[in-house]
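Worksheet: the structure to be examined is printed underneath.
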Amino acid sequence: MPSRFFILVPADFSLPRDACSYGYFLLAPNHWQPRDQSFSRVVNLQGGPAKVTVVQPDGPGKPLKATSDRTISKPERLQAIAMFTRMLRLDEPSETIADFHRVDRRWKKAGAGRLCRSPSFFEDVIKTVTSCNVAWPSTIRMNERLCNVVGLAGAFPTPQRLARTRANTLRARCSVGYRDQRIVDLAKLFATPVNRGGVDVAWFEDPSTLDDAIHEKLLGWPGIGPYAAANIMQLLGRYARLPLDSESVRHGKTLLGFKGSDAQIMKQVKAHFEPFGAHAFRSYWFEILKHYQSLKGSSHTWDRATTGKSFTAAKMK
DNA sequence: GGTAGACCTGGACGC
DNA sequence: GCGTCCAGGTCTACC
């Protein structure tokens with residue numbers, strides 16, 4: 001029997017706008033349903049996986065109405081709320097968003113500011129690795145297969161499950177290619193207790209930890225280079241660095257009018273967004289998202305199977 | 001510190 | 001339908 005509960009949101013929060021604010025809303029196990037503007041995913045709860053769906057029937061600022069596909073206990077409900085809170089950045093104060101709008105007034109009217117991410121730091125790291133050196137449709141495919149092949153009942157695999165999976169299995173059944181061993185090694189880092197050298201998630205998520213310290217630590221992990229490290233940092237809510245990639249070059253060339261080699265254009269893009277300081281990534285990303293939406297319509301009308309898979313570099317030029 | 005080439009997969013293209 | 005080329009970020013070896 002389904003359970004129903006509510007999730008409180010900040011006054012400025014809009015589910016269609018804020019859930020569909022970053023590409024991860026298109027990656028399994030996340031599922032955005034444009035038809036009824038619902039956001040669902042299978043989550044790993046202490047009693048086992050459960051599919052939870054949220055909608056915001058009363059509009060921006062009003063609570064999310066959540067439904068699970070099985071009865072969940074009160075502790076599981078709190079677990080699910082914590083996961084959606086992280087994913088939708090519901091704990092980011094409205095003042096922080098207002099501060100971003102003071103720095104970059106272009107997004108104030110639309111209210112854009114929160115960026116969708118995963119319910120766990122681990123999932124954000126693995127999703128970032130699956131987005132490296134590959135076209136977006138392949139990233140979609142890898143995440144679908146990781147959930148279906150390794151995850152329990154379609155949930156994203158836990159570090160423990162992924163750490164026990166053979167690299168060959170990931171390569172053959174999840175199409176992750178040469179990323180296979182790197183993904184297993186990352187999972188092992190997360191599955192190892194902190195006192196035995198494992199990842200101290202609390203340290204990464206502690207606002208008092210310095211950006212430079214996190215950046216240096218991330219660069220030491222397998223499969224994490226400058227792009228991935230900067231992307232993971234924005235997922236941690238640290239927006240000062242830009243994950244510069246081929247999309248940055250395209251954006252610099254076609255929309256900002258920069259000229260030169262790819263490396264020169266990346267430097268110009270970096271310099272262009274530096275004045276936005278601690279909010280640089282948000283300014284950069286919402287410009288790119290605006291471009292995508294000019295080609296594909298509002299992101300809350302996209303779905304994974306059709307619009308999602310149409311995102312390839314060649315088609316975005 | 002900078003650079004070249006390998007690493008995989010899947011889409012695009014030519015035949 | 002098949003073969004070839006190319007895009008994509010990280011890693012390693014080398015200068």
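Just so you know, these numbers use all the heavy atoms, side chains as well, and skip hydrogens, waters and symmetry mates. Labels below follow one simple rule: chain letters A, B, ... track the order of the sequence lines, proteins then strands, and each chain is numbered from 1. These figures come from a predicted structure and were not determined experimentally.
Residue pairs meeting the side chain to side chain donor-acceptor pair (under 3.5 Å) criterion with at least one member in residues 155-171 of chain A, sequence neighbours excluded: A/Arg171-A/Asp180. Applying the salt bridge (charged side-chain N to carboxylate O under 4.0 Å, His left out) test to every pair with at least one member in residues 71-80 of chain A, sequence neighbours left out, gives these pairs: A/Arg70-A/Glu76. Contacts classified as side chain to side chain donor-acceptor pair (under 3.5 Å) and involving residues 44-64 of chain A (residues at least two apart or in different chains) are not found.
Among C/dG9, B/dG10, B/dC8, the nucleotide with an atom closest to any side-chain atom of A/Arg171 is B/dC8.
Checked against the 6.0 Å centroid criterion, the rings of A/Tyr239 and A/His279 do not qualify as a close aromatic pair. Not less than 6.0 angstrom separates the ring centroid of A/Phe39 from the ring centroid of A/Phe25.
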Per-nucleotide protein contact string for nucleotides 10-15 of chain C, where B marks a base within reach and S marks sugar-phosphate only (heavy atoms under 4.0 Å, - for neither): SS----

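The salt bridge (Lys or Arg N to Asp or Glu O under 4.0 Å) search around A/Arg102 returns A/Asp99, not counting sequence neighbours. Partners of A/Asp200 by salt bridge (Lys or Arg N to Asp or Glu O under 4.0 Å), not counting sequence neighbours: none found. For A/Asp303, there are no salt bridge (Lys or Arg N to Asp or Glu O under 4.0 Å) partners at least two apart in sequence or on another chain. For A/Asp91, there are no salt bridge (Lys or Arg N to Asp or Glu O under 4.0 Å) partners at least two apart in sequence or on another chain.
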Which donor-acceptor pairs under 3.5 Å do side chains of residues 211-227 of chain A form with protein atoms, sequence neighbours excluded?
unit_1   : atom_1 : unit_2   : atom_2 : d
A/Asp211 : OD1    : A/Arg238 : NH1    : 2.6
A/Asp212 : OD1    : A/Arg241 : NH2    : 2.8

When the side chains of residues 262-269 of chain A are checked against the rest of the protein, which donor-acceptor pairs come out under 3.5 Å, sequence neighbours left out?
unit_1   : atom_1 : unit_2   : atom_2 : d
A/Gln264 : OE1    : A/Ser261 : N      : 2.7
A/Gln264 : OE1    : A/Ser261 : OG     : 3.4
A/Gln268 : NE2    : A/Lys259 : O      : 2.9
A/Gln268 : NE2    : A/Gln264 : O      : 3.3

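Rounding to whole angstrom units, CG of residue A/Asn231 and C1' of C/dG9 are separated by 12 Å. Distance CH2 (A/Trp136) to P (C/dG9): 13 Å, rounded to an integer number of Å. For the pair A/Asp262 CG and C/dC6 C1', the computed distance is 14 Å after rounding to whole Å. With rounding to whole Å, A/Met142 atom CE is found 11 Å from B/dG11 atom P.
For the helix from B/dG1-C/dC15 to B/dC15-C/dG1, the terminal axes (five pairs an end, C1' atoms, rotation from four pairs onto the next four) enclose an angle of 40°, given to 10 degrees.
The side chain of A/Ser246 places an N or O atom within less than 4.0 Å of a non-bridging phosphate oxygen (OP1 or OP2) of C/dG8. Distances shorter than 4.0 Å separate none of the side-chain N or O atoms of A/Ser131 from OP1 or OP2 on C/dG9.
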Produce the list of close N/O pairs, under 3.5 Å, pairing protein atoms with atoms of nucleotides 1-3 of chain C; give distances to one decimal.
none

